[in-house]
Every structure is written in structure tokens, then in C-alpha cells.
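For reference, the structure discussed in these notes is given below.
Just so you know, these numbers come straight off a predicted model, no measurement behind them. Reckoned from all heavy atoms, side chains included, excluding hydrogens, waters and symmetry mates.
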Amino acid sequence: MNKILVIEDDIHVRQNILDLLEGEGFNILEAHNGLLGVKLAQEEIPDLIICDVMMPELDGYEVLKVLRQRSETAIIPLIFLTAKSDKNDFRQGMEMGADDYIIKPFTRAELLAAIACRLEKHITIKQENQRKLDNLRNSITLSLPHEMRTPLNGILGFSQILMEESDSLDSQAIQEMAESIYLSGERLFGLIQNFLIYAELEVMGTDPQQIKLLQSQTTIFPNLTLMEIISEKAKKAGREGDLRLELHPCSIMISTAKIAKIIEELLDNAFKFSPPGSLVQIKSQVINNCLILSFIDHGRGITAAQIAELGAYQQFERKLYEQQGSGLGLTIAKRIAELHGGKLKIHSKPQEKTIVQVVLPCSQRKEDYFDNTYYQKSSTIGIRLDY
């Protein structure tokens, strides 16, 4: 039985709606003003809300604004009741997130048709979210235990040898085992960090205030922090000679920490899935106030079908290729871009070339990014900067 909240200050209109809904078998809640309606919605979490526009305390637009700011009420379908038929009123409500409008006076058939449509759509969305959650749960079940077990086995195995046979081991053997323990610990730490980051991004995606805060931050691109990350990644992979950079400066609407995470994950993938000695490129260009940041490698690539199925904890061709990682990196980069009003695209021809592109809002005005000191320093490490 669906629960419907009716927020309407006119007692006669409200009672008519309540009688109609009760006759149709709905579980009904009522509120005679916007303030009480918001309180009931937050307490009861109805399946649908029917709300008048012109009301005391809080009007319909204010009710909608409050509800869309709370994660638990943000996706509840809301149908406005209004005596106005002006297009500007419709546009205002729809831009704020209203699902439908019904003009007073309305018929029984009109109201029931609108309710049925919105409830059906809401059920479809919930089912799709549940499907994604089930897929994520299954992927975690299959991937995460293996990814945790591998470094843990290294840590436990080598530490046990050190405890039991330390008297008979020479310094070189101890050093090698200590290094293996450290690398395994580093791998496990990275896995846990990515797991926490992914969970944090998913939570942020349900909070409009958090999204607004994310999108209010800016970063000069490129900057020394980002270049040091790129240099360190190449050095750690032993691929310094394979890397080529062509970067166009701009000011991007994202924090340094978040763009750094995108670069870390996508460059790591480019190195991981291409053979040593093959070219890896990072290029950027600015088109229509958007930075297009491309990571290009000449490795094994992925098929169109695999791109379509790409998601958290997803790995492909595990039996054919030995690979480390939970498959989270690409998904994290994609979610960060999306939360900042951007997107991530993949173009790949297996065994030939893969291009992963991140598109982010930016400014190309030189006064926003020009830093002569940075330019002098960056030019010493071989970047091509297209001012």
C-alpha cells in the first residue's frame, strides 16, 4: 500500500483529495501547511507527495527546496497543485525538481493518472538502484576478498619467517622480506583508501550541499603539486622515459586533491595496462570552457562491451592477465568528474590504443592561472605548456 502525503491549506480541497485516495486504497497523511508538511515528510518518508503551491508558513516551492536538500526525502516524487497556469511558474517548479503539475480544478481521472505515472516511475528508479546495489555487492563479494587476501598473505607469510628464522637469515634476506612486507602493506593501504573514497563519493552524490561545495573550488592546471604526482607515478612504474606531456593551462572548477586523484588513477591504469617501453601520453585542451584531459596508452585496451559494463570492483579477463587492484580507480575518477559537472569517456581499440578522457568545467582567462614562478619551474621538468 503506497503512502501519500497531501499538503494543502484549503480544507475542502484537502478533504476531497483524501477521500478520493482513501477510496483507492492508499495510505494517506495530511498537512494543512508547508511547515507541517515538511515535518511529516521527514518523519514518515511517503512514497509520493501532493503539494499545493500557495500556502502559509512555507509555500510549495519552499517545501520542495527543503525536501530536495535532505538525502532521505530528495527522491520522493512531488506533484504540485496550483491555480496558476503560467509557463514561468511551471518552469520554476520543474527546475527545482518537481515531478508534475496539476491545474486546479482537476478531475479524479487527472489526479489518479498523475499519481500512477509518478509512482510507476519511482518504482522503476528504486528497482534500478537496487539492481546496481546488487551488482556492486556481488562484485565486492567476488573481488574484494581476493584483493585483500593477496597482500595479507605476503605480510603474514614474510613476517612469520622473520619471527621464526631470524637467527639464520642474513641481512640481505631480511632486507628483501622487509621490502616485500612494506609493498604488500602499501598495496593493502591503497585498496582500503580507495574503498573509503568510493563510499564517500557515493554519499556526496546524494547531498546537494556537498555537491555545491565541491563545484565551488578551483585549481590552477597544471601546478607543481600535480606535476610532482605525475613524475612520482612515472618513476615508481619505471616508465619515466615513456611519458609525454602536452598541457594547456587553465583554471579548473575542482580542488587540487580531487584532480590529483583523477590523475593518479588514470595514469596508474595507463602504466599498468601497457607494456614498458610503449608511449604513454597526457594531453589537455580547452574547448568551450571545458578542459579535456586525455590519458593515452598503447596497451591491451578494452572492448566496447567491457566499457559499457565498467563499474566499481569490475575487472576484465582476469584469467588471461595477472593484475592488481580492485577495479575501483577508473570508477572513482568517473564519479569525481561527474560530481564536478564533468564526465569521463573511454575510446579503445583492443591491443592498439586506449584514450581515457576527463572533461571538466574551466576558465581559460590568463589572469586566472598565469603564475610566472610556476611557469619557470615547470619548464625545467620538460612540460610543453601552450600559453
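- For R335, the salt bridge (Lys or Arg N to Asp or Glu O under 4.0 Å) partners at least two apart in sequence or on another chain are E202, E338.
- One finds the CD1 atom of I49 at 14.0 Å from the CZ atom of R118 (value rounded to the nearest 0.5 Å).
- Hydrophobic clustering of Ile, Leu, Val, Met, Phe, Trp and Tyr side chains at less than 4.5 Å, counting indirect connections, unites L48 with F106.
- The aromatic rings of Y61 and F80 lie perpendicular to each other, with more than 60° between the two planes, well past the 30° mark.
- With a 4.5 Å cut-off on side-chain heavy atoms, N269 and D297 do not count as touching.
- Distance check: H248 NE2 to L293 CG gives 13.0 Å after rounding to the nearest 0.5 Å.
- Taking each heavy atom of G60 and C51 in turn, the nearest pair found is CA-SG, 3.9 Å.
- Both L67 and Y101 belong to a common hydrophobic cluster when Ile, Leu, Val, Met, Phe, Trp and Tyr are linked at side-chain heavy-atom distances under 4.5 angstrom.
- In this structure, L111 CG and I17 CD1 are separated by 6.0 Å, a value rounded to the nearest 0.5 Å.
- Contact record, F271 with L243: CZ-CD1, 4.3 Å, taken as the closest heavy-atom pair.
- Identified under the salt bridge (charged side-chain N to carboxylate O under 4.0 Å, His left out) test for residues 34-52, with sequence neighbours left out: K3-E44, K39-E43, D52-K104.
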For this session: Go through the steps for Q42 and V38 under the test side chain to side chain contact (heavy atoms under 4.5 Å, CB included), then give the verdict.
Result: CA-CA 6 Å; Q42 292 172 346; V38 167; 3.5 Å; yes

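- I229 and A260 make their closest contact through CD1-CB, 3.5 Å (heavy atoms, listed as atom of the first residue, atom of the second, distance).
- Separating the CD1 atom in I7 from the CD1 atom in I79 is a distance of 12.0 Å, to the nearest 0.5 Å.
- No more than 12 heavy atoms of other residues, nucleotides or ligands shown are found within 6.0 angstrom of CZ on F189.
- The main-chain N or O of M227 is never found under 3.5 Å from a side-chain atom of S231 such that the two would form a donor-acceptor pair.
- Side-chain contact between K345 and V359 is present, with at least one heavy-atom pair separated by less than 4.5 Å.
- For the atom pair CD1 of I28 and CD of E22, the computed distance is 4.5 Å after rounding to the nearest 0.5 Å.
- In plain terms, the two heavy atoms of C250 and L291 that are nearest each other are SG-CD1, 3.9 Å.
- Summarising the geometry of S278 relative to R239, their closest heavy-atom pair is O-NH2, 3.2 Å, with the distance given to 0.1 Å.
- By the 6.0 Å contact criterion, CG on L196 is enclosed, its count of non-hydrogen atoms from other residues, nucleotides or ligands being greater than 12.
- E352 pairs by the salt bridge (Lys or Arg N to Asp or Glu O under 4.0 Å) definition with K349, not counting sequence neighbours.
- The salt bridge (charged side-chain N to carboxylate O under 4.0 Å, His left out) pairs that include a residue from residues 262-271 are K233-D268, K261-E265, D268-K272, where partners are two or more places apart or lie in different chains.
- One distance of note links CD1 of I262 with CD1 of I252; it measures 8.0 Å at 0.5 Å rounding.
- Side chain of Q215 to backbone of L339: a donor-acceptor contact under 3.5 angstrom is found.
- Without hydrogens or angle criteria, T219 side chain to I254 main chain gives a donor-acceptor distance under 3.5 Å.
- Counting all heavy atoms, side chain and backbone alike, T218 lies closest to S251 at CB-OG, 4.1 Å.
- Using a distance-only test at 3.5 Å, with no hydrogens or angles considered, no donor-acceptor pair links the side chain of E120 to the main chain of C117.
- For Q193, the side-chain hydrogen bond (donor to acceptor under 3.5 Å, both in side chains) test picks out no residue, with sequence neighbours left out.
- Sorted by first and then second residue, the salt bridge (charged side-chain N to carboxylate O under 4.0 Å, His left out) pairs involving residues 23-37 (not counting sequence neighbours) are R14-E30, E24-R108.
- Between the side chain of D59 and the main chain of V53, no donor-acceptor pair closer than 3.5 Å is present.
- N223 contributes a side-chain N or O that, together with a main-chain N or O of T225, makes up a donor-acceptor pair within less than 3.5 Å.
- A side-chain donor-acceptor contact under 3.5 Å links S216 to the backbone of L213.
- The residue from L245, L266, I296 that alone fulfils the side-chain contact (heavy atoms from CB on, under 4.5 Å) condition with I282 is L245.
- The local environment of CG in N288 is sparse, with at most 12 non-hydrogen atoms from other residues, nucleotides or ligands closer than 6.0 Å.
- At least one donor-acceptor pair under 3.5 Å links the side chain of R68 to the backbone N or O of A74.
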